[in-house]
Protein chains: 2
Amino acid sequence: MYNEGGHTEGWHGDGWISNFPGLHSLPPDIVATLVETSRIARLPVGTRIFGPGQAPDAFLLLIRGTVRVQQVSESGREIVLYRVSAGDSCALTTACLMGYEDYQAEAVAETDVEAVAIPRATFDDLIARSPDFRRFVFTAFSHRVTDLFRVIEEVAFSRVDVRLAQRLVERANDQGRVDLTHQQLAAELGTAREVVSRQLNEFQRRGWISTSRGAIDLVQPNELRRLAAAP
Amino acid sequence: MYNEGGHTEGWHGDGWISNFPGLHSLPPDIVATLVETSRIARLPVGTRIFGPGQAPDAFLLLIRGTVRVQQVSESGREIVLYRVSAGDSCALTTACLMGYEDYQAEAVAETDVEAVAIPRATFDDLIARSPDFRRFVFTAFSHRVTDLFRVIEEVAFSRVDVRLAQRLVERANDQGRVDLTHQQLAAELGTAREVVSRQLNEFQRRGWISTSRGAIDLVQPNELRRLAAAP
DNA sequence: CCGGGTCTGTGACCTAGTCACATTGGCGCC
DNA sequence: GGCGCCAATGTGACTAGGTCACAGACCCGG
């Protein structure tokens with residue numbers, strides 16, 4: 001433990017670092033800086049971490065939970081851009097902030113979230129001092145940008161049935177159940193609810209799924225996967 | 001001029017730095033590093049700077065010309081993601097490289113291009129040493145990400161007629177002429193050629209444009225602008 | 001069991017993308 | 001000049017996707 005004035009603070013140790021593979025090899029002095037100046041933030045589910053109106057003042061590393069980054073159009077339609085989960089950083093959002101641009105994406109805590117909040121000054125300091133930290137940050141960037149590229153590709157060139165099948169498979173829990181409404185699925189894909197409803201009806205007609213209010217059970221997930229892998 | 005071994009090198013001075021507002025306030029030692037280790041690259045129009053197959057080994061700052069970054073789908077459809085012009089950096093592309101990810105976007109020199117190529121080692125060094133350089137890089141990132149967000153928003157939520165009107169206005173030269181084929185316009189928007197042809201016919205029917213082979217003249221640019229600004 | 005809100009279903013209609021093929025314009029070449 | 005080629009453009013028919021309006025169905029608290 002590093003200099004914490006003698007009182008125990010639970011998570012305020014360096015234990016969380018083990019959650020970040022990219023940070024394993026940081027030299028002790030860097031770890032010390034991180035641990036000393038960062039604090040642990042706990043955000044209840046639904047918290048808007050970033051968006052028109054709010055802005056985080058720190059670089060966030062997620063210890064637990066997931067954050068959804070999405071875009072909302074004037075007409076109220078939504079599309080999910082990507083998710084940040086434990087071990088990832090909110091690099092992109094942070095970078096955009098640093099560019100002082102206002103843009104209309106927003107980040108929402110999809111579950112209760114625990115995150116390391118690295119103050120801007122520390123972030124800057126670490127970027128300067130640690131090649132490993134730099135690599136960590138740039139790698140995170142890279143992943144997010146790749147996500148955005150994929151979103152663009154899918155929205156521009158893929159069919160909704162294929163994309164819907166992908167999401168169903170991807171967001172099903174262990175029991176093969178997807179706990180989302182048609183409206184929420186539509187928001188995932190950036191399409192309209194009616195479109196999702198119709199596609200789901202078609203899937204059900206084929207016996208691939210069974211639907212109930214607010215949830216969908218995957219009956220033949222392999223068929224969905226096959227469609228999802230379609231060219 | 002900084003240490004250049006006594007021989008003149010034309011562009012290999014620090015003259016180009018004046019093209020990058022974000023770099024104006026760099027301290028002399030940083031400028032020295034930049035000038036000493038970077039070289040000037042000249043790329044003829046059409047050069048594929050980055051893409052499936054090629055990869056740049058350096059961070060690029062554009063002195064002259066423009067670079068188009070686009071995505072190509074399996075089916076052959078294309079969409080332009082953003083353009084990098086003089087004074088900008090190819091930050092995003094570079095970052096993606098550093099993340100060692102393979103993705104399918106490509107960068108093409110849209111005109112003859114002159115750029116400062118900063119080797120990876122120098123880039124890393126400068127990031128470490130110069131807060132201003134960091135700010136420059138992150139700001140560039142931010143702009144590109146904002147571009148991507150806008151592309152997603154437009155592709156997902158905007159009508160093609162509106163987007164086409166935007167492009168026509170945006171890519172018209174001083175004489176109000178757009179030197180692009182319908183196919184090229186379709187590639188800008190990520191749609192199909194027939195769709196563009198039909199929309200152009202509609203614009204022409206309304207007297208807003210007149211078309212000829214390989215070019216479009218804006219007759220009533222204000223009407224196009226009005227449509228482009230539509231909600 | 002009743003009333004509200006949320007969620008889902010549906011038909012009609014419009015916009016966008018696909019496919020197949022016809023037509024035209026420009027340009028080099030005999 | 002006339003010919004032939006190829007890229008660019010035009011068009012119709014059809015499918016997929018998005019919008020609108022509204023009807024039921026389900027759920028939960030009172």
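Just so it is clear: chains get the letters A, B, ... in the order the sequence lines come, proteins before strands, and each one is counted from 1.
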Kindly point out which of dA25(D), dG9(C), dT24(C) is positioned nearest to the side chain of Arg193(A)?
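Nearest to the side chain of Arg193(A) among the choices is dG9(C).
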ask   = Of the candidate nucleotides dA7(D), dT19(D), dC26(D), which contains the atom at the shortest distance from the side chain of Ala192(A)?
value =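 Of dA7(D), dT19(D), dC26(D), dT19(D) is nearest to the side chain of Ala192(A).
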With the threshold set at 4.0 Å, does a side-chain nitrogen-carboxylate oxygen contact exist between [X] and [Y]?
| X | Y | answer |
| --- | --- | --- |
| Glu202(A) | Arg206(A) | yes |
| Arg171(A) | Glu188(A) | yes |
| Arg144(B) | Asp88(B) | yes |

Counting any heavy atom closer than 4.0 Å, what does [X] reach on the DNA or RNA strands: base, sugar-phosphate only, or nothing?
| X | answer |
| --- | --- |
| Gln199(B) | sugar-phosphate |
| Arg159(B) | sugar-phosphate |
| Thr191(A) | sugar-phosphate |

Within the supplied structure, the quantity of interest is the number of heavy atoms (other residues, nucleotides, ligands) at a distance under 6.0 Å from Arg48(B) CZ; does it exceed 12?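 Correct, the count exceeds 12.
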Closest nucleotide of DNA chain C for Phe157(A) versus for Thr211(A): which of these residues is on the 5' side?
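Its nucleotide being nearer the 5' end, the pick is Thr211(A).
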**Request:** Using only heavy-atom distances, decide whether a donor-acceptor pair under 3.5 angstrom links the side-chain of Arg77(B) to the base of dG17(C).
**Result:**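 Answer is no: no donor-acceptor pair is held.
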- Hey, does the side-chain of Arg198(A) have a donor or acceptor N/O within less than 3.5 Å of a partner on the base of dT19(D)?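 Present.
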Send over the distance from [X] [atom1] to [N] [atom2], rounded to a whole Å.
| X | N | atom1 | atom2 | result |
| --- | --- | --- | --- | --- |
| Leu180(A) | dT8(C) | CG | P | 10 Å |
| Gln184(A) | dC7(C) | CD | C1' | 11 Å |
| Leu189(A) | dA16(D) | CG | C1' | 15 Å |

Presence of [X] side-chain N/O under 4.0 Å of [N] phosphate oxygens OP1/OP2:
| X | N | result |
| --- | --- | --- |
| His182(B) | dA8(D) | no |
| Ser197(B) | dT9(D) | no |
| Asn201(A) | dT8(C) | no |

On DNA chain D, does the nearest nucleotide to Glu194(A) precede the nearest nucleotide to Val160(A) from the 5' side, or the other way round? Give the residue.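 So the residue in question is Val160(A).
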Margin query: Is the ring pair Phe141(B)/Phe141(A) parallel, tilted or perpendicular, if the boundaries are 30 and 60 degrees?
Written below: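 The arrangement is parallel - the two ring planes meet at less than 30°.
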